[in-house]
Student: 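First, the structure itself, so that you have it in front of you.
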There are 2 protein chains.
Amino acid sequence: MEDIKNNSWCHELDEIDRQIVIFLEKNARMPFTKIAEKLGVSERTVRIRVAQMQEDGILSLVGVVNPIKVGLNVQTFVHLSVQPNRIEEVVSQLKEMEEVRWIALTTGEYPLMLDVLTRDYDDLSDFVMNKLNKIEGVDRTNVVNVLKKMKSRFNFMR
Amino acid sequence: MEDIKNNSWCHELDEIDRQIVIFLEKNARMPFTKIAEKLGVSERTVRIRVAQMQEDGILSLVGVVNPIKVGLNVQTFVHLSVQPNRIEEVVSQLKEMEEVRWIALTTGEYPLMLDVLTRDYDDLSDFVMNKLNKIEGVDRTNVVNVLKKMKSRFNFMR
DNA sequence: TCTGAAAATGTATTAAT
DNA sequence: ATTAATACATTTTCAGA
């Protein structure tokens, strides 16, 4: 079981990598010199390791906008049942819709799941009525509204 | 309808803000000087605006780890039905579990929805059997596995 | 580790509302 | 009076050997 560490799809991060990530998870613009100082390594070490992790697709340093602050107040999950031979076609249409932020193929009664963001319930109902329900091949839909987020933690290092 | 622009919960970004965000969504460490140059404004303008947007909770500049690259290969959504008077209590237990990345109160048959990340199906089954099903007050669960992500777009500016 | 170049920050100043 | 922009001086950070 331990050989998992040497697989290329699972990059095992050493302690220095992990510490670097912890700082950058909080502040993507933290100066490398400051991180280096805190960890007792050279600035170069930090710079090289960050570049390597970005290169390997392990770490991204990005700006993220808070959707609520720009007026996208309503988050909804839509479970979709589709005629099996038309899934590809339906997905390609869904991909083009800007309200649809995330699409996945899933197990269960409804093979597609969408994460949908809209300004308000008017826009949501407009989306469901005029976009979703107009797609050919959609069988049944199950719409679940997010009322309140109770936890959201997407930083991975401790 | 246009007065929506002057509400404090909905910070309307002007064109310069939007352009800044577009650059930072791609690269949180892009030098302010470079952004300023591209937009034809001073570096200080960019710096102040970024600070202001961060202050207002509109924009965060963060490092994000690709879960798959660190061995978290299985994403699962769990819909939970809970005895109504025990929701708070159940949520507070779920919050402590590191597999549970995200919790929301939702409409529909199952009032709680969880986003769960695990290394593999063994860990998932362990989580369901030994953690989830041990919580007092949980009524029914509906477990939906993510088989394949078809779209993921969480940058908001165009 | 060092070093020149680049970038970020602080202060003072001005303009606009 | 407050906010936002600029210019410039100083400090910090970056990226190469």
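Everything numeric here is computed off the predicted structure, so don't read it as measured data. Worth knowing before you read on, the calculation uses all heavy atoms, side chains too, and leaves out hydrogens, waters and symmetry mates. Naming convention: chains lettered A, B, ... in sequence-line order (proteins, then strands); numbering from 1 in each chain.
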Student: Within this structure, what is the CD-CD1 distance for the pair E43(B) and I48(B), rounded to the nearest 0.5 Å?
Tutor: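 One gets 9.0 Å once the value is rounded to the nearest 0.5 Å.
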Student: Can you sort out which residues in residues 16-34 of chain A have a heavy atom within less than 4.0 Å of DNA chain C? Ascending by number, please.
Tutor: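 Going residue by residue through residues 16-34 of chain A, the ones with a heavy atom under 4.0 Å of DNA chain C turn out to be R29(A).
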Student: Taking the six-membered ring of F32(A), is NZ or CZ of R44(A) closer than 6.0 Å to its centre and within 45° of its axis?
Tutor: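 Ring-cation test returns no.
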Student: Would you say that V138(B) contacts I135(B) through its side chain, given a criterion of any heavy-atom pair below 4.5 Å between the two side chains?
Tutor: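 Result yes, sub-4.5 Å side-chain heavy-atom pair found.
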Student: Flag yes if more than 12 heavy atoms outside K151(B) fall under 6.0 Å of its NZ atom; otherwise flag no.
Tutor: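 Buried by this count: over 12 neighbours within 6.0 Å.
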Student: Examine the side chains of Q75(A) and D115(A) and answer whether a donor and an acceptor come within less than 3.5 Å of each other.
Tutor: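 A donor-acceptor contact under 3.5 Å links the two side chains.
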Student: Looking at E98(B) and R158(A), is there a salt bridge between them, counting it only when a charged N and a carboxylate O are closer than 4.0 Å?
Tutor: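 Salt bridge between R158(A) and E98(B), a charged N being under 4.0 Å from a carboxylate O: yes.
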Student: Can you find a heavy atom in the side chain of F23(A) that is under 4.5 Å from one in the side chain of I35(A)?
Tutor: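 A side-chain contact under 4.5 Å exists here.
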Student: For residues 37-53 of chain A, which residues have at least one heavy atom under 4.0 Å from DNA chain D?
Tutor: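 Of all residues in residues 37-53 of chain A, the ones placing a heavy atom under 4.0 Å from DNA chain D are E43(A), R44(A), R47(A).
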Student: Among side-chain atoms of E89(B) and Q93(B), is any donor-acceptor pair under 3.5 angstrom?
Tutor: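 E89(B) vs Q93(B): no donor-acceptor pair found between side chains.
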Student: Where the side chain of R119(A) meets the backbone of L124(A), is there a donor-acceptor pair that is under 3.5 Å apart?
Tutor: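 Side chain of R119(A) to backbone of L124(A), a donor-acceptor pair under 3.5 Å: no, none is there.
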Student: Are side-chain heavy atoms of V64(A) and V62(B) found at a separation under 4.5 Å?
Tutor: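 Counting from C-beta outward, V64(A) and V62(B) do come under 4.5 Å.
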Student: Determine to 10° how strongly the helix from dT1(C)-dA17(D) to dT17(C)-dA1(D) is bent, judged from the axes of its five-pair ends.
Tutor: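 Axis-to-axis angle, ends of the helix: 30°.
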